[in-house]
Protein chains: 2
Amino acid sequence: MINAVGRDIPEEILEITNKEVFQGNGYKDGYTYKKDGANTKCVIHNKSNKLVGSLRKAIEKCGIRDGMTLGFHHHFREGDYIVNMVMKEIHDMGIKNLTLCASSLGKAHDPIVPYIEDGTITNIQSSGVRGKIGDAISAGKLQGLAIMRSHGGRVRAIETGETRIDIAFIGTPTCDDYGNCRGIGGKSNCGVLSYAVVDGLHADRVIAITDTLVPFPNFPAHISMTNVDYVVEVDSVGDPNKIATGAAKPTTDMRKLMMADYCTQFVANAPYFKDGFSYQTGVGGASIASTISLSKIMKERNIRMRFGVGGLTKPMCDLLINDQVDCLLDTQDFDLDAVESVKALKHFRISAGEYADPFNKGAVVNKLDFVILAALEVDVHFNCNVVVGSDGTITGAQGGHPDTAAGAKCTIVIAPLLQGRIPAICSDVTTVTTPGESVDVVITDYGIAINPLRQDLMDAMKDVDLPFTTIEHLRDIAYEITGAPKRVEFADRVVGVIEARDGTIMDVVRQVKPFAFAE
Amino acid sequence: MINAVGRDIPEEILEITNKEVFQGNGYKDGYTYKKDGANTKCVIHNKSNKLVGSLRKAIEKCGIRDGMTLGFHHHFREGDYIVNMVMKEIHDMGIKNLTLCASSLGKAHDPIVPYIEDGTITNIQSSGVRGKIGDAISAGKLQGLAIMRSHGGRVRAIETGETRIDIAFIGTPTCDDYGNCRGIGGKSNCGVLSYAVVDGLHADRVIAITDTLVPFPNFPAHISMTNVDYVVEVDSVGDPNKIATGAAKPTTDMRKLMMADYCTQFVANAPYFKDGFSYQTGVGGASIASTISLSKIMKERNIRMRFGVGGLTKPMCDLLINDQVDCLLDTQDFDLDAVESVKALKHFRISAGEYADPFNKGAVVNKLDFVILAALEVDVHFNCNVVVGSDGTITGAQGGHPDTAAGAKCTIVIAPLLQGRIPAICSDVTTVTTPGESVDVVITDYGIAINPLRQDLMDAMKDVDLPFTTIEHLRDIAYEITGAPKRVEFADRVVGVIEARDGTIMDVVRQVKPFAFAE
């Protein structure tokens with residue numbers, strides 16, 4: 001069945017997943033559902049001891065068995081030790097047919113590929129995957145489906161009961177003996193634990209894993225003892241130095257600086273740029289450069305930001321240090337400056353639900369004026385792809401892309417016209433991950449296209465000296481340089497589903513065809 | 001059926017309420033249940049406006065109808081305007097047969113008695129009631145039952161789905177236009193909103209009522225926008241000066257000072273009094289005096305408190321100011337000093353669930369070393385009564401009494417031997433609200449009795465120079481002075497149920513017999 005972004009979703013996938021096709025951002029607005037609840041084991045006695053001597057013992061106490069769903073968060077990013085540590089233990093126990101429901105998975109988790117191959121892990125739900133797990137899924141090695149969800153969509157899936165987490169594993173920089181978890185104060189700090197909040201609230205069993213036990217009460221807790229069954233102390237939960245892996249440093253790339261300048265100029269001329277505006281940006285080099293240059297214009301025009309949201313990096317935290325923003329709302333820390341900033345009084349932690357869940361009574365993303373994003377591909381319908389590489393392999397994550405894009409009043413996607421020899425602006429993205437209706441502006445090094453749905457923005461920009469053009473023209477320039485790209489050839493089997501934030505199906509990902517020499 | 005504290009619970013009450021009789025504090029430890037969830041209406045569009053022009057309109061938008069259950073909190077205590085304001089509106093709409101599920105009700109709510117009499121309100125669930133509502137219930141004017149629950153018990157009832165709140169009304173000192181609520185920053189501050197947290201999480205519809213709208217985001221929020229459907233601005237939500245009504249000021253009553261001194265000496269000689277101990281006290285004059293004198297001993301012996309819990313008053317907050325305690329965990333503020341203290345860095349808010357819920361994975365009360373409580377009556381089985389006056393009328397509240405008593409390692413109840421001409425130490429309390437197994441020590445102005453269940457405490461005190469005796473001896477002294485009290489005569493009809501914190505039935509309250517002259 002064809003969905004609202006023109007993708008044909010196979011009937012058998014709709015049947016297997018019991019889902020509808022994507023029908024537009026607002027389709028589920030006002031929908032009422034009953035929130036799912038955890039199976040909770042009461043701790044009434046005041047002598048109960050949650051400390052367990054080993055991870056293995058804690059897993060056993062949770063009654064692990066074949067077919068369960070396990071929850072993980074990715075706040076340690078490429079420095080995460082938890083997923084591998086837990087999965088090795090469970091693999092050694094001979095448990096099979098597990099579903100991993102992680103807020104994201106990366107290259108740090110390459111070691112679990114053998115557990116995919118041997119049927120220990122048969123389903124994966126994640127914001128996305130990178131590295132060898134992506135290769136394995138695209139090669140058809142996962143027996144079941146990989147479901148890719150946005151950060152808000154993951155909360156939605158868990159809150160609706162579509163995904164029921166049997167055991168959640170929460171790596172935490174500090175924890176007390178009763179399970180109060182914090183992202184700071186330890187030897188391996190990740191800042192916040194926002195993605196794990198929903199695991200704490202909705203998983204039947206919750207194990208907190210820490211390398212720094214602290215005295216009770218470890219307050220203000222980000223995950224409450226009221227949700228934690230067991231506490232395990234290990235040597236190390238992660239390498240905080242690898243948290244920043246992949247996050248951009250201030251760029252010197254002239255092309256990126258040019259796009260950053262376009263972006264800054266666009267924001268500064270948009271009607272939402274006024275005292276009290278709100279702002280979020282990703283970790284791309286151009287986004288970061290744009291935040292830095294925007295802060296200068298804010299000073300010049302005496303404009304103050306009300307709140308910044310993220311996915312935070314140093315330039316956003318600098319706004320707080322320089323008193324250019326009232327407060328930061330933090331769902332993830334991309335570098336150690338952001339981790340350190342968590343201690344600041346006006347640096348507030350928010351859960352992934354507060355951040356981006358479309359199925360609560362209103363998330364922070366709905367209050368965003370601007371969000372600055374990146375994309376692997378953008379097509380002439382303004383649809384974006386942030387998950388599947390142009391070779392057809394899964395190699396990225398939805399993250400908060402579809403959530404912030406839908407919520408913000410002005411969504412700007414920065415993409416260089418060409419990624420190497422591959423056009424980033426194309427006729428049809430390989431895979432749709434964020435629908436065009438969410439994307440207002442596309443900024444490239446060859447010009448800027450405003451989505452025709454936003455006549456108001458076109459009007460606001462009509463006297464602004466920026467290289468405006470159409471998205472089709474940008475695509476044409478790209479194709480002139482590289483030639484029209486050949487569409488990737490896929491095999492028939494669907495290996496992954498791109499879920500829209502409301503749980504409908506945006507697109508599917510098929511197995512890549514094994515390479516064959518042309519005859 | 002006779003329960004574990006010897007009370008005969010009528011079969012028809014067990015049937016109506018679908019409950020079991022109380023079977024001891026530990027009966028439900030380890031019990032597993034599925035948490036109930038709210039029927040949640042999704043707000044996806046970023047243009048949704050939660051601000052509603054009038055309370056009436058907000059109530060209509062929530063689809064109010066006969067038979068619904070309404071949630072209220074009591075953080076404004078005797079200064080609360082919300083219950084009366086909301087109930088007048090709903091009464092004017094002609095709605096009938098409502099259940100009020102309040103964290104507590106007091107004299108401030110006398111004006112709703114006519115709504116009990118005319119069938120607008122037919123059931124009440126509360127920690128307790130005071131004033132004319134208590135008189136009305138005891139006189140049999142409520143058509144249904146009054147269920148009295150502890151603060152932890154209320155959370156349990158809502159989390160299990162035993163009580164489903166259709167609409168929660170959350171009076172809040174400050175709120176932004178998206179529903180983020182805080183107990184401070186406005187013109188009528190109550191400090192924290194701990195009791196309302198469970199309403200926010202579990203009520204189907206939530207209305208935030210404020211007299212101080214502030215810019216988004218009102219962070220750190222105590223009730224999140226993600227739980228709030230509508231926001232209403234009114235002239236005033238409460239009178240903070242009346243929050244302190246009923247809370248004791250430092251006493252000059254020699255009898256109370258003597259009991260306070262006994263209490264301090266007992267605590268100082270107990271094995272739990274060591275560096276890093278934890279402590280909670282009520283708002284009675286003797287409790288407060290004891291906190292003040294304990295702080296002196298702490299200084300002398302160089303002992304520091306790890307955390308204080310409450311129900312907080314000035315003397316507890318002074319410990320923080322004087323750096324004698326690491327942090328305070330706050331569930332309610334009993335005076336304006338405590339409200340002010342909420343702004344302190346180490347003054348942490350906790351929800352009623354974190355504080356005292358027996359049906360989560362471990363509440364703060366389980367980590368208490370000492371709790372100092374009061375009681376209307378204590379009997380020779382150490383059972384306490386804090387709800388029903390010796391005339392048989394409902395005039396008090398369970399509050400956190402049963403929760404903290406069950407959780408703390410050492411539970412001390414201070415009660416003067418005589419309350420006027422009425423013995424506070426008696427053979428059998430009028431109504432059991434906290435079971436004797438939870439009560440370790442009873443301190444009176446005539447001596448101190450240790451519960452025989454606590455041989456360890458008896459051993460610890462054997463060389464301590466305090467007037468130890470038996471509970472029976474204290475009862476005998478009281479009865480010698482006043483004569484054995486006549487048992488209150490009740491009519492047959494059960495008007496109230498005293499629920500144990502785990503949802504079983506501790507006792508029932510019957511209608512008082514209309515006064516008749518003796519023949």
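Residue numbering restarts at 1 for every chain, and letters A, B, ... go by the order of the sequence lines. Note: hydrogens, waters and symmetry copies are ignored here, and every other heavy atom, side chains too, is used. None of these values were measured; they are calculated from a predicted model.
Both the backbone and the side chain of B:V364 come within contact range of chain A, each with at least one heavy atom under 4.5 Å from a heavy atom of that chain. No part of A:L368 comes within reach of chain B, as not one of its non-hydrogen atoms sits under 4.5 angstrom from that chain. When heavy atoms are compared at a cutoff of 4.5 Å, B:L201 does not approach chain A at all. Heavy atoms of A:F348 lying under 4.5 Å from chain B belong exclusively to its side chain. A:A406 touches chain B through its backbone: at least one of N, CA, C or O sits under 4.5 Å from a heavy atom, while the side chain does not. Residue B:R156 does not touch chain A at all, counting heavy-atom pairs closer than 4.5 Å. For chain A, the nearby part of B:A408 is the backbone; its heavy atoms alone come within less than 4.5 Å.
Proximity of a side-chain donor or acceptor of B:R349 to a complementary backbone N or O of A:P220 within less than 3.5 Å is not detected. Side chain of A:K50 to main chain of B:K361: a donor-acceptor pair is present (N/O by atom type, distance under 3.5 Å, no hydrogens or angles). Side-chain atoms of B:D29 never come within 3.5 Å of backbone atoms of A:V43 as a donor-acceptor pair (strictly under, hydrogens ignored).
The residue among B:D326, B:T32, B:I350, B:N180 with the most heavy atom pairs within less than 4.5 Å of chain A is B:T32. Residue with the most contacts toward chain B among A:C327, A:S351, A:P217: A:P217 (heavy-atom pairs, distance under 4.5 Å). Heavy-atom pairs under 4.5 Å with chain A were tallied for B:P215, B:G353, B:G276, B:G152; the largest tally goes to B:P215. Of the residues considered (B:H202, B:K28, B:K409, B:E159), B:K28 shows the highest number of contacts with chain A, using heavy-atom pairs under 4.5 Å. Interface check for chain A: of the options B:R306, B:K346, B:R501, the most heavy-atom pairs under 4.5 Å are formed by B:R306.
With sequence neighbours left out, B:R164 forms a side chain to side chain contact (heavy atoms under 4.5 Å, CB included) with A:K34, B:D36, B:N39, B:D204. Taking the side chain to side chain donor-acceptor pair (under 3.5 Å) definition, one finds that B:S438 meets it with B:N25, sequence neighbours left out. Partners of A:F22 according to the ring pair (Phe, Tyr, Trp, His ring centres under 6.0 Å) rule, which considers only residues two or more places apart in sequence or in another chain, do not exist here.
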Item to check | Full working for salt bridge (charged side-chain N to carboxylate O under 4.0 Å, His left out) between B:D176 and A:K367 | outcome: CA-CA 12 Å; B:D176 62 37; A:K367 288 289 197 176; over 6 Å; no
Item to check | Verdict with reasoning, B:Y27 to A:I44, per side chain to side chain contact (heavy atoms under 4.5 Å, CB included) | outcome: CA-CA 9 Å; B:Y27 176 50; A:I44 299 179; over 6 Å; no
Next on the checklist: Determine whether A:F359 and B:T40 satisfy the following criterion, side chain to side chain contact (heavy atoms under 4.5 Å, CB included), listing intermediate values before the conclusion.
Outcome noted: CA-CA 8 Å; A:F359 268 35; B:T40 304; over 6 Å; no
Checklist entry - What do the steps show when you test B:S278 against A:F216 for side chain to side chain contact (heavy atoms under 4.5 Å, CB included), and what is the final call? => result CA-CA 10 Å; B:S278 58; A:F216 181 92; over 6 Å; no
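By the 6.0 Å and 45° rule, B:K41 does not stack over the aromatic ring of A:Y31.
Using a 4.5 Å heavy-atom cut-off against chain B, the contacting residues of residues 222-232 of chain A are A:S224, A:M225, A:T226, A:N227, A:V228, A:D229.
Note that SG of A:C42 and CG of B:N360 are 8.0 Å apart. Values are rounded to the nearest 0.5 Å.
Not less than 6.0 angstrom separates the ring centroid of B:F307 from the ring centroid of A:F219.
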